[in-house]
Amino acid sequence: MLALVDGNNFYVSCERVFRPSLFGRPVVVLSNNDGCAISRSNEAKALGIRMGQPWHEFRHLERTAGVVALSANFELYGDMSHRVMALLGRHAPGQEVYSIDECFLDFQGLPGDLVALMRQVRAEVLQQTGIPVCVGLGPTKTLAKLGNHIAKSAERKPDRYPASQAQVCHLGALSPRQRQVLFTATEVGEVWGIGPQVAARLNAAGVHTVSDLLAHDAAALRQRFSVVLTRTLRELQGTPCLALEDAVQARQQIKCSRSFGASVLDLPSLVEAVSTFASRAAEKLRRQASLAGAVQVYLRTNPFRTHDEQRSRTWTTPLARPTDDTQRLVQAAVRGLEAAYTAGYRYAKVGVTLLDLQAATHCQEELPWIASGNAPAPDRGPLMKAMDAMNQRYGKGTIAVASTGATRPERHWVMRQERRTPRYTTQWDELPEVRA
DNA sequence: TCTGGGGTCCTAGGACCC
DNA sequence: TCTGGGGTCCTAGGACCC
């Protein structure tokens, strides 16, 4: 049996742990650049603020409804996530951390009342971290996810699901009749893996609820839809198609991109941004002990400014030899940028993606006659190690490649973050103060 | 005026091969 | 008017997730 444990309104809940005055108020956390809502308290949801809604559209609620908007504080959320995950991991033989705020727990073969156990675990997590969570249980990942969705909805909308399913919902422990009631009240689009496009196509075919979908035969569905949907259906029927991934898998690509705080026209500013993002991607690359075989640069204008002329380009630069050396990766990224750049556009965003990743232990060497012509300087592993150690110890950006423009104060492409709370748990000078 | 970032997987279509 | 069949590999783009 699998459980899916998920933090309620996770980012908002993290903020509330350190600012109890936020309880009971409509709170939203904004994406980078203070762009749109990415986490909302129940009070904010009740005001009609949508997931992903642009801040400028509901900014007036700050005055009229007492909405509190905060800039995303990912350093805080990441640290809180570690605490929650570590606690949860102690209660099951298997755990897959699926995202910053949710994990699967594997109770395979374990006896006992899982609903009672998970209610106790919930209370423990709340007491020790301050984060409220909901739990879904089921024999497959998709059913555990669905149980979790029902557990959360039952808490917020008591008219829709029985109150008995609130907070902890075990789909594997219900009678077929009870399940039928829940599945008839649930739309297909609410199922994990069925997005808006597929949901619309299913609706057009007369399939509206989970019950409707379960009435179909997987093989017949394959004729009209993808294997993805077929798999989802089998999982809903109770046949596991998605394995629990206990071990943390190395990423297959690593990306770092940002929208700018203000649009950028000149190449030198873009070079700074691309150098910065390539450096950050390189740090992530080394952290997972991989090498990159290619560097992709992406730049685009602001698609929302419809009166502006639009442009979007990606450019991939293959590397003669895979590397994790920041300077080489930055050089490749900047070369790509210069190839992709055309003057005269108002650029709003650039990104760097490291591709063709491989384990650092399996480096493919060059044939000697290729290298002999213009042999590149060797990688500087010890230098990279020292850089990472310094930045870890003294803070991000303590030591950086010069082309990032780190020493230039007026980098107007840097994102806006006007309402960020302190990084209470990870920075000595931002620790919360307790007054007696 | 202001609209996020980082991933994965699947599919269709083109290039290429025999 | 007629113009093979079967396969692999790669890539771009779409859909989805949080």
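Proteins get letters first, then strands, A, B, ... in listed order; numbering begins at 1 in each. Every heavy atom of this structure was used, including side-chain atoms; hydrogens, water molecules and symmetry mates were not. The structure displayed is predicted, hence computed values, not measured ones.
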Q: For the side chain of A:R231, counting heavy atoms from C-beta on, which of B:dC10, B:dG6, B:dC2 is nearest?
A: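 From the listed options, B:dC10 comes nearest.
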Q: Can you find a side chain N or O atom of A:R258 that sits less than 4.0 Å from OP1 or OP2 on B:dG6?
A: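 The answer is yes; a side-chain N or O of A:R258 sits under 4.0 Å from OP1 or OP2.
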Q: A:Y298 ring centre to A:K349 NZ or CZ under 6.0 Å, with the angle to the axis within 45°?
A: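 So A:K349 doesn't make the cation-pi contact.
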Q: Before accepting this row, confirm whether a basic side-chain N of the pair A:R16/A:E43 lies closer than 4.0 Å to the acidic partner's carboxylate O.
A: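 Salt bridge present between A:R16 and A:E43.
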Q: Go nucleotide by nucleotide along DNA chain B from the 5' end; which of A:F225 and A:K284 gets its closest nucleotide reached first?
A: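 On the 5' side of the pair lies A:K284.
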Q: Would you say A:T314 places a side-chain N or O within less than 4.0 Å of OP1 or OP2 belonging to C:dA12?
A: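 No, A:T314 has no side-chain N/O under 4.0 Å of OP1/OP2 on C:dA12.
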Q: Measure centre to centre between the rings of A:W192 and A:Y98, then say whether the value is under 6.0 Å.
A: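 For A:W192 and A:Y98, the ring centres are under 6.0 Å apart.
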Q: Could you tell me how far C:dC18 sits from B:dT3 if I compare only their P atoms? Round to whole Å.
A: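 One P to the other, the span is 25 Å.
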Q: Nearest nucleotide by nearest heavy atom, which residue falls closer to the 5' end of DNA chain B, A:V227 or A:S31?
A: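 Going by which nucleotide is closer to the 5' end, it is A:S31.
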Q: At less than 4.0 Å, is any side-chain N or O atom of A:N33 found next to OP1 or OP2 of B:dC2? Yes or no.
A: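 For A:N33, the contact criterion (side-chain N or O under 4.0 Å from OP1 or OP2 of B:dC2) is not met.
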Q: Determine which nucleotide pairs with B:dC18, using a 3.5 Å limit on both distances of a Watson-Crick or G-U wobble pair.
A: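 Across all strands, the one nucleotide that pairs with B:dC18 is C:dG5.
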Q: For A:Q249 and B:dT8, is the shortest distance between a side-chain N/O and OP1 or OP2 below 4.0 Å?
A: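 It does not, given that no N or O in the side chain of A:Q249 lies less than 4.0 Å from OP1 or OP2 of B:dT8.
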Q: Examine B:dG5: is either OP1 or OP2 under 4.0 Å from a nitrogen or oxygen in the side chain of A:K349? Give yes or no.
A: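 So the side chain of A:K349 is within the cut-off, an N or O lying under 4.0 Å from OP1 or OP2 of B:dG5.
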Q: Any donor and acceptor pair, going by atom type alone, linking the side chain of A:R286 with main-chain N or O of A:D324 inside 3.5 Å?
A: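 Yes, because the side chain of A:R286 sits within donor-acceptor range (under 3.5 Å) of the backbone of A:D324.
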